[in-house]
Structure formats: C-alpha cells, structure tokens
Number of protein chains: 2
Amino acid sequence: MPAKSATVISLHKRIRSEIEQHILTGEWPPGHKVPVEHELMATYDCSRMTVNKVLTELASEGLVQRRRRAGTFVSKPRPPATLLQIPDVKAEILALGASYALRMLSNQIRQSDPSDMRRLGVMTAREVLAMRYVHIADSAPFALEDRLIDLSTVPEARAADFTSDPPGTWLLAHVPWSDAEHRIRAINGDPEITGLLDLPANAACLVLDRQTWRGGAPITAARTWFPAESFHLVARFQPGSNAGKAHNNQA
Amino acid sequence: MPAKSATVISLHKRIRSEIEQHILTGEWPPGHKVPVEHELMATYDCSRMTVNKVLTELASEGLVQRRRRAGTFVSKPRPPATLLQIPDVKAEILALGASYALRMLSNQIRQSDPSDMRRLGVMTAREVLAMRYVHIADSAPFALEDRLIDLSTVPEARAADFTSDPPGTWLLAHVPWSDAEHRIRAINGDPEITGLLDLPANAACLVLDRQTWRGGAPITAARTWFPAESFHLVARFQPGSNAGKAHNNQA
DNA sequence: TCTTGAATTATGACTAGACAAATGCAAGCT
DNA sequence: AGCTTGCATTTGTCTAGTCATAATTCAAGA
C-alpha cells in the first residue's frame with residue numbers, strides 16, 4: 001500500500017502535470033504513444049483508477065486521444081477553439097471553393113529589433129523570421145499578413161517551405177501551442193494596406209492580431225488585414241470551462 | 001448489486017445528461033443545491049465514485065460549484081469564455097473608469113415579423129422585445145446596440161428594468177445560456193449609424209452580432225456597432241476542450 | 001455577547017479489485 | 001496472396017469500500 005501522507009499536492013495532479021510537461025515541451029511529440037495505464041501504475045505506484053482519471057481528463061481536453069487496444073497518443077496540434085480556426089486562411093479559402101495562392105512580399109531572418117521584441121512580448125533579443133505576404137483567392141487578394149516567428153522556440157521554421165502552405169497553416173500543423181491571444185478591431189485602412197488588397201483608399205478593414213505561446217515561450221505574432229464587407233468571423237461556443245479571460249480595451 | 005446489462009449508454013453519461021437537463025431547463029436555477037452524493041447514489045442505485053465523477057466533471061466545466069461540507073450548487077450564469085465578456089458593455093465601460101449611461105432610442109413589445117424571425121433563427125411567430133439604444137461612456141456615445149429578446153424563452157424580461165442595467169448585462173446576470181454565436185466584421189458605417197455614434201460619415205465600425213440559446217430555444221439576438229480605432233476586442237485562451245466550431249464566411 | 005473548539009457532514013483522493021467492449025495482431029485457412 | 005477468426009491487450013466503466021480534509025454548526029466556556 002503506497003504511502004499517501006506528506007503529499008502536499010494530490011497524486012493525480014502531479015501525474016497530470018508531468019504528462020502535460022512531456023507533451024508541452026515537445027519531448028512527446030504529436031503521435032507519440034503515452035505509456036499504457038499499467039506502466040503508469042507502476043511508475044507512480046498507484047492504482048489504475050488514478051492514472052485513468054488523468055488520461056481521461058487529458059483526452060476530454062483534446063490533449064491526447066485514446067483507442068481501446070491501441071493505447072493513448074498525443075494529439076496532433078488541433079484546429080481548435082472558438083476563433084482559432086480563422087488563422088488558417090488557406091483552409092478557409094479552399095473551403096470556399098476558391099483556389100489558394102501565396103504572394104510573398106518580404107521574408108528575412110534577422111536579430112529581433114525593439115519593435116519585434118514588443119510584438120512578441122519579450123525583453124531579450126533573439127533570431128526571428130519576419131514575413132509579409134498576401135493570401136490570394138482565385139487570383140484576387142484575400143488578406144494581408146505580417147508575421148514574426150520566434151526561431152529560438154521554433155527552430156524548425158528555419159527550414160520550412162512556405163510556398164505550398166502559408167506560415168499560419170504550417171505552424172498549426174507542426175507546433176503545439178498552450179496559449180493564444182487574439183485582438184480584433186476595425187480600422188480605416190491606410191493607403192499602403194488598401195493598395196496591397198486592391199481596395200479603395202480609406203476602406204474599412206478587419207484587423208486580427210494573433211499571438212501564440214508554448215509554455216511561456218512565444219511562438220509567433222501575426223497581424224492579418226481582411227477587407228471589410230466581404231469577410232466576417234464566426235464563432236460558436238458553449239459556456240464551458242474556458243479558463244481564458246477576455247476583455248477589451250480602448251486604444 | 002445493480003444490473004448493468006442492457007444499458008446501451010453508460011450510467012455516468014446518463015446521470016450527467018439528466019443533471020444538465022435540470023440545470024439547462026431552469027428547473028434547478030443558479031444557486032440551487034444539487035442533491036448530495038449519497039442521495040444521488042440512492043437515486044441512481046450506483047456507487048459514490050460514479051456520481052462523484054459526474055459532479056467533478058460538471059464542476060470542472062463550471063456548470064456547478066462544489067464546497068466541502070456545504071454541498072454542490074448550480075453556478076450563476078458565468079461571465080464566461082473567450083469573447084463573451086464583451087457583450088457586457090456596461091462592465092467594460094466601468095472598468096475603464098468612465099461613467100455609464102444608457103440612452104434608449106426605441107423599445108417595444110411586438111409579434112415577431114419575418115425579419116425578427118430570421119434574426120432569431122426561428123420559423124414560428126412569437127412575442128419579442130425589440131430595443132435600440134446607445135451605450136454612453138462619460139457623456140459620449142460608446143456603442144450602438146439593436147437587440148431582440150424572445151419573450152417566450154425569457155418571459156421575465158417583460159418586467160425587467162433596463163434603466164440601470166442594459167439588457168445585455170441583465171441577461172448575463174439572469175439567464176443561463178447553453179450556446180452562443182458571435183459574428184464579427186468591419187463595415188464602413190452608413191450615415192444612420194455614424195450619426196448616432198457621433199462619427200464622421202463612412203468611418204469604419206466593428207460590428208458584433210451575438211446570438212444566444214438555452215437548450216434549443218433562442219434567448220436573444222443583438223447587433224452592436226463599435227467605433228473603429230477607439231475599440232478592440234481581446235481574447236485569451238487555451239486550446240482546451242472547446243467543443244464549439246468556428247468558421248468564417250464571405251458575404 | 002463573543003470566541004473557541006469539537007462534532008458532524010460533505011467533498012476529495014485513492015485503492016484493489018471486477019467485468020465489458022473494442023480492436024490490433026497473428027495464426028491458420030482458403 | 002488474401003481472408004477469416006480467435007486471442008490478447010488496452011481502455012471503458014463500475015463497485016464498495018478507506019482515509020483525509022475542509023467547512024459548517026453548535027455548544028461550552030470566557
């Protein structure tokens with residue numbers, strides 16, 4: 001009988017956070033097989049119900065997937081919650097039945113300057129991949145995107161090919177994230193923006209700022225301009241356990 | 001020993017959905033005490049672990065709150081997920097340190113016309129409360145709102161006083177919801193809108209369409225216009241178990 | 001009256017089993 | 001080779017308890 005005294009934190013919480021760590025740090029990448037319940041029983045010297053509780057929780061949150069006889073596997077970074085699907089502009093365009101193309105306007109690897117550091121919310125310099133490109137649907141500009149990727153968090157991005165999949169789609173498919181933030185607002189477009197989107201000067205645009213983290217480390221910061229009137233965001237949801245806090249601000 | 005054969009659906013799922021029904025239909029209003037675990041054990045003729053699993057799940061999703069010795073209670077409709085806090089414009093304005101006021105432009109109870117029915121997504125006529133008003137922050141227009149409340153779902157709204165709390169705030173505090181949908185877009189405001197918000201003609205606005213349901217029944221449909229540049233929406237979230245599906249559309 | 005402290009009660013955590021259901025795999029058959 | 005079938009593995013669900021912990025209630029004492 002395992003001693004249970006002196007455990008300040010409950011056992012299942014400890015097991016849970018250890019497994020989460022394995023997944024979040026990338027030590028257990030998507031598709032990796034999590035040890036079966038009997039192994040975890042042995043590892044943590046506890047009963048099956050305890051590890052089952054943990055794995056069931058993680059599965060209900062989508063972090064892992066479980067299949068009888070097969071086992072438990074780390075989920076692929078999921079196309080997720082609420083407003084999150086939107087950043088995959090390529091998938092959205094294809095879903096509309098249009099053809100997708102990417103026009104890269106600029107693309108460089110550089111040391112982060114103060115403005116980059118502010119966008120990523122970090123204090124120290126690092127290498128970043130900075131890009132600006134236009135999403136093209138059926139030969140017409142669909143959205144303009146300005147993106148920064150933190151290469152110290154996502155070194156794989158250095159070798160990624162963004163001609164078939166745009167950076168947002170590539171990141172969704174390859175990098176698991178633990179936190180995200182969206183800022184949405186409307187602007188009267190300035191000539192630089194409207195010009196790239198083939199819009200009349202002063203046309204309204206929907207601007208989506210998106211930032212993601214993995215653990216505490218920044219993954220990417222992106223700003224996307226969508227032409228107004230031709231585009232809107234939809235989100236459906238249940239009250240659920242969303243721990244995220246939402247608020248709005250005046251600039 | 002309870003028979004477990006012939007149960008096509010698992011026991012804890014059945015218990016769970018029954019309790020959810022009690023809450024969602026309003027039979028167990030916010031603050032209502034859920035039977036203690038031993039009572040539920042007797043009701044469903046099962047072990048404590050089974051009802052505990054159900055109640056723990058519901059608690060983790062925020063539907064109920066549990067306190068040792070006190071018991072389990074239905075949660076107050078929570079100021080919830082992702083972008084949901086935004087609709088409480090009054091709270092947002094007060095949080096900014098400004099004074100709040102409501103200017104009611106129109107307010108009537110009527111049989112729903114075809115346009116109302118489309119907004120609420122229903123096929124049959126019913127009584128609705130239709131309002132248009134401006135949220136005022138420090139004597140200046142902050143947002144314009146057009147709202148429809150389905151009085152067959154929320155008969156209490158008939159007697160509600162919207163001079164201190166605007167309808168959105170009142171609903172958040174009084175009516176639990178099970179589903180919501182947001183549509184967000186930017187528009188170049190037409191003169192009617194910009195006039196009411198003291199904006200130059202053609203100024204960009206952020207438009208938020210919000211609709212909520214309880215069970216399958218519509219609660220309310222609201223459209224809010226926010227001046228661009230002075231306002232943005234922020235949402236932070238984790239990948240979590242958000243069952244909601246999100247997508248975007250072209251109009 | 002106010003405070004302290006103990007009894008009570010409900011949840012929280014966990015165990016050590018049980019049987020059911022699904023499914024991947026391999027052995028055997030065609 | 002391709003197909004079927006049975007078996008072993010793994011998760012899914014559930015039981016009937018134990019001990020721990022928090023918090024409310026209530027009564028005794030200052």
Side-chain angles (χ1 to χ4, degrees), chain A residues 1-20 22-23 28 30-76 241, chain B residues 1-20 22-23 28 31-75 241:
Chain A
M1 202 127 10
K4 73 179 71 167
S5 59
T7 30
V8 137
I9 186 90
S10 68
L11 182 52
H12 73 263
K13 282 182 184 158
R14 205 191 100 216
I15 300 176
R16 194 198 149 121
S17 74
E18 287 196 17
I19 294 180
E20 279 179 336
H22 286 302
I23 295 173
W28 289 357
H32 181 270
K33 178 165 182 176
V34 176
V36 300
E37 297 187 351
H38 279 96
E39 280 183 70
L40 292 171
M41 282 172 69
T43 304
Y44 293 102
D45 189 25
C46 65
S47 77
R48 210 191 122 211
M49 274 301 288
T50 304
V51 298
N52 180 278
K53 181 190 175 86
V54 170
L55 293 177
T56 303
E57 275 177 20
L58 292 176
S60 86
E61 293 171 19
L63 214 66
V64 300
Q65 292 179 340
R66 319 195 72 200
R67 280 182 358 254
R68 276 174 173 154
R69 168 70 223 245
T72 303
F73 301 86
V74 177
S75 299
K76 300 240 176 303
S241 60
Chain B
M1 202 119 17
K4 76 180 66 165
S5 61
T7 28
V8 135
I9 185 88
S10 67
L11 182 52
H12 72 264
K13 282 181 184 159
R14 204 191 99 217
I15 300 176
R16 194 199 149 118
S17 73
E18 285 196 18
I19 293 180
E20 279 179 335
H22 285 303
I23 295 173
W28 289 356
H32 181 270
K33 177 165 183 177
V34 176
V36 299
E37 297 187 352
H38 279 96
E39 281 181 69
L40 292 171
M41 283 173 69
T43 303
Y44 293 101
D45 188 24
C46 66
S47 78
R48 209 189 122 211
M49 272 300 288
T50 303
V51 298
N52 181 281
K53 181 190 176 85
V54 170
L55 293 176
T56 303
E57 275 177 21
L58 292 175
S60 86
E61 294 171 21
L63 214 68
V64 301
Q65 293 180 338
R66 317 195 72 199
R67 287 195 338 267
R68 276 176 173 158
R69 170 67 224 251
T72 303
F73 302 87
V74 177
S75 299
S241 59

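Fair warning: this is a prediction, and the values are worked out from it, not measured in the lab.
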field: Separation of atom CD in Glu57(B) from atom P in dT11(C), rounded to whole Å
entry: 16 Å

- prompt: Taking CG from Asp45(B) and P from dA16(D), how many angstroms apart are they, rounded to a whole number?
  reply: 9 Å

- prompt: Listed by chain and number, what are the side chain to side chain contact (heavy atoms under 4.5 Å, CB included) partners of Ala42(A), not counting sequence neighbours?
  reply: none

- request: Would you mind reading off the distance between His12(B) atom NE2 and dA20(C) atom P, rounded to a whole angstrom?
  value: 18 Å

Quick test: give all pairs of protein nitrogen or oxygen and nucleotides 7-11 of chain D nitrogen or oxygen below 3.5 Å, distance rounded to 0.1 Å.
from    : atom 1 : to       : atom 2 : distance (Å)
dT10(D) : O2     : Arg69(A) : N      : 3.3
dT11(D) : OP1    : Thr72(A) : OG1    : 3.3
dT11(D) : OP2    : Glu37(A) : N      : 3.1
dT11(D) : O2     : Arg68(A) : NE     : 3.3

Interatomic distance where NZ belongs to Lys53(B) and P belongs to dT11(C) [whole Å]: 18 Å

query: If only side-chain N and O atoms of Thr50(B) are considered, is one of them under 4.0 Å from the OP1 or OP2 phosphate oxygen of dT15(D)?
result: yes

message: If the condition is side chain to side chain contact (heavy atoms under 4.5 Å, CB included), which residues does Gln65(B) pass it with, not counting sequence neighbours?
response: Ser75(B)

- prompt: Can you name the side chain to side chain contact (heavy atoms under 4.5 Å, CB included) partners of Arg67(A), sequence neighbours left out?
  reply: Ala70(A), Phe73(A)

- prompt: Should Lys13(B) be listed as having a side-chain N or O under 4.0 Å from OP1 or OP2 of dT13(D)?
  reply: yes

Close side-chain approach of Arg66(B) to Asn52(B), heavy-atom, < 4.5 Å: yes

Rounded distance (Å) that lies between atom C1' of dC19(D) and atom CE of Met49(B): 14 Å

- prompt: Glu18(B): what forms a salt bridge (charged side-chain N to carboxylate O under 4.0 Å, His left out) with it, not counting sequence neighbours?
  reply: Arg14(B)

field: Whole-Å distance separating the CZ atom of Arg16(A) from the P atom of dA13(C)
entry: 12 Å

- request: Mind calculating the distance between CG (Leu58(B)) and C1' (dG12(C)) to the nearest angstrom?
  value: 16 Å

field: Separation of dT9(C) C1' from Glu39(B) CD (nearest whole Å)
entry: 13 Å

query: What residues, two or more places apart in sequence or in another chain, satisfy side chain to side chain contact (heavy atoms under 4.5 Å, CB included) together with Thr50(B)?
result: Leu11(B), His12(B), Ile15(B), Cys46(B), Ser47(B)

